[in-house]
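Read the structure below first, then the notes.
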Number of protein chains: 2
Amino acid sequence: MHSEPVASRSADPRDSRDTRESRNGTPHLDAVSLAIIEQLQQDGRRPYAAIGKAVGLSEAAVRQRVQKLLDQGVMQIVAVTDPLTVGFRRQAMVGVTVEGDVESVADALSSMGECEYVVMTAGSFDLMVEIVCEDDDHLLEVINKRIRAVPGVRSTESFVYLKLKKQTYMWGTR
Amino acid sequence: MHSEPVASRSADPRDSRDTRESRNGTPHLDAVSLAIIEQLQQDGRRPYAAIGKAVGLSEAAVRQRVQKLLDQGVMQIVAVTDPLTVGFRRQAMVGVTVEGDVESVADALSSMGECEYVVMTAGSFDLMVEIVCEDDDHLLEVINKRIRAVPGVRSTESFVYLKLKKQTYMWGTR
DNA sequence: CCCAAGGTTTGCGGATTCCGTAGCTCTTCT
DNA sequence: AGAAGAGCTACGGAATCCGCAAACCTTGGG
């Protein structure tokens, strides 16, 4: 592995101090924080000292930045698995079309524990929702009783998962 | 927080030794390993000793189990973010219909770096693929040039992401 | 120009955690 | 019964984590 600091690309030191907020309210991330995230995408348990060496920062500075990123909700460090491997036998992606306010419907779906992933989209669906369930009965209940009962939901189309082929979080390392 | 061991529900000690393989080749997970995963879904950096206290195992045993889960590919511990927050301006879910062998198409798509998530489904699409790109040009190229060029791809439909509303990995804690 | 204020980084020392390993137990196979 | 293998515990040394005070840098007045 290279010991060359990843962030050395950004010659301008002001990059490291830019904390402006972008239009959607999410904090602006400088090159160093991106490099830290990239390290943790490769291994969420990598020691702070090793990250510091890679990005050109002290151990304590990395620790404080990581803590802030977690506090701000920009990043989370978690274990991820294929739910099918871990006993959740039925999963589905559900496309939802909405009449009226899309965001309020999205909020309603987000509040359901079975909805792991909710995203607003452009196209023939207004929302895409990933559902994780115990079994067929559970999945049926969530889709037909709960989701379709939300005011504003016009229609849904379901895509039941057969097999997860790929799941990565490596986009930082391209 | 409770100090009561989570796994104490499973009274039968044989549960802890069951390492049979299920039909699809993925290892069987006992109640203790599930409890460990659940702990790491809450906080991927939680110390082994704390996990051990929660699941009723020694620190070393937890460490060995975690290492094995990682080696087997059952679980990965990583940082996750909303890519839109981190400079990837265009994402999309793409539904793909296939003629011929679906799995070989899935493998081809999985080999593309921009495809973060590939799943085989039942329904009007054979595959759902999540794409992460830098900008519109990049997204256009991936969908129209690369994905549609894969032998066996009959058609695609794209759903460009407007806003990520929810993203969790907490199904273990329901 | 100078200084105060706020935020970030660094450099510690102590507490905690990580890590390899040896020994024990239990199960399985011959 | 004995051997082999898997999993767990105990334990000590190395590495890491963590809180804190001092130093540093930038900004905005006065």
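Not measured: the values here are computed from a predicted model. Residue numbers begin at 1 in each chain, while the letters A, B, ... track the order of the sequences.
Rounded to an integer number of Å, the gap from Asp71(A) CG to dG7(C) P is 15 Å. If you measure from atom CZ of Arg65(B) to atom P of dT9(D), you get 9 Å, rounded to the nearest angstrom. Here dG7(D) presents its C1' atom at 12 Å from CD1 of Ile36(B), a figure rounded to the nearest Å. The separation between Leu57(A) atom CG and dC24(D) atom P is 16 Å, rounded to whole Å. Taking atom NZ of Lys53(A) as the reference point, atom C1' of dA15(D) lies 12 Å away to the nearest angstrom.
Among residue pairs with one or both ends in residues 163-173 of chain B, those qualifying as salt bridge (charged side-chain N to carboxylate O under 4.0 Å, His left out) are Glu103(A)-Lys163(B), Glu103(A)-Lys165(B), Asp107(A)-Lys165(B); sequence neighbours excluded. Each ring pair (Phe, Tyr, Trp, His ring centres under 6.0 Å) pair with one or both residues in residues 47-79 of chain B, not counting sequence neighbours, would appear here, but there are none.
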In B/S/- notation, 5' to 3', how is nucleotides 14-24 of chain C contacted by protein heavy atoms closer than 4.0 Å?
-> ---SBBBB---
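Summarising the geometry, atom CG belonging to Leu139(A) is positioned 7.0 Å from atom CD1 belonging to Ile131(A); distances are rounded to the nearest 0.5 Å.
Residues satisfying the side-chain contact (heavy atoms from CB on, under 4.5 Å) criterion with Asp135(A), sequence neighbours excluded, are Asp137(A), His138(A). In this structure Ala49(B) satisfies the side-chain contact (heavy atoms from CB on, under 4.5 Å) test together with Glu59(B), sequence neighbours excluded. Among residues two or more places apart in sequence or in another chain, the side-chain contact (heavy atoms from CB on, under 4.5 Å) test is passed with Asp126(A) by Thr97(A), Val98(A), Val102(A). Shown here are the salt bridge (charged side-chain N to carboxylate O under 4.0 Å, His left out) partners of Glu114(A), two or more places apart in sequence or in another chain: Arg146(A). Partners of Tyr161(B) by ring pair (Phe, Tyr, Trp, His ring centres under 6.0 Å), not counting sequence neighbours: none found.
End-to-end axis angle of the helix from dC1(C)-dG30(D) to dT30(C)-dA1(D), using five pairs per end and rounding to 10°, comes to 30°.
Regarding contacts with the backbone of dT8(C), a side-chain N or O of Lys68(A) is found under 4.0 angstrom from either OP1 or OP2.
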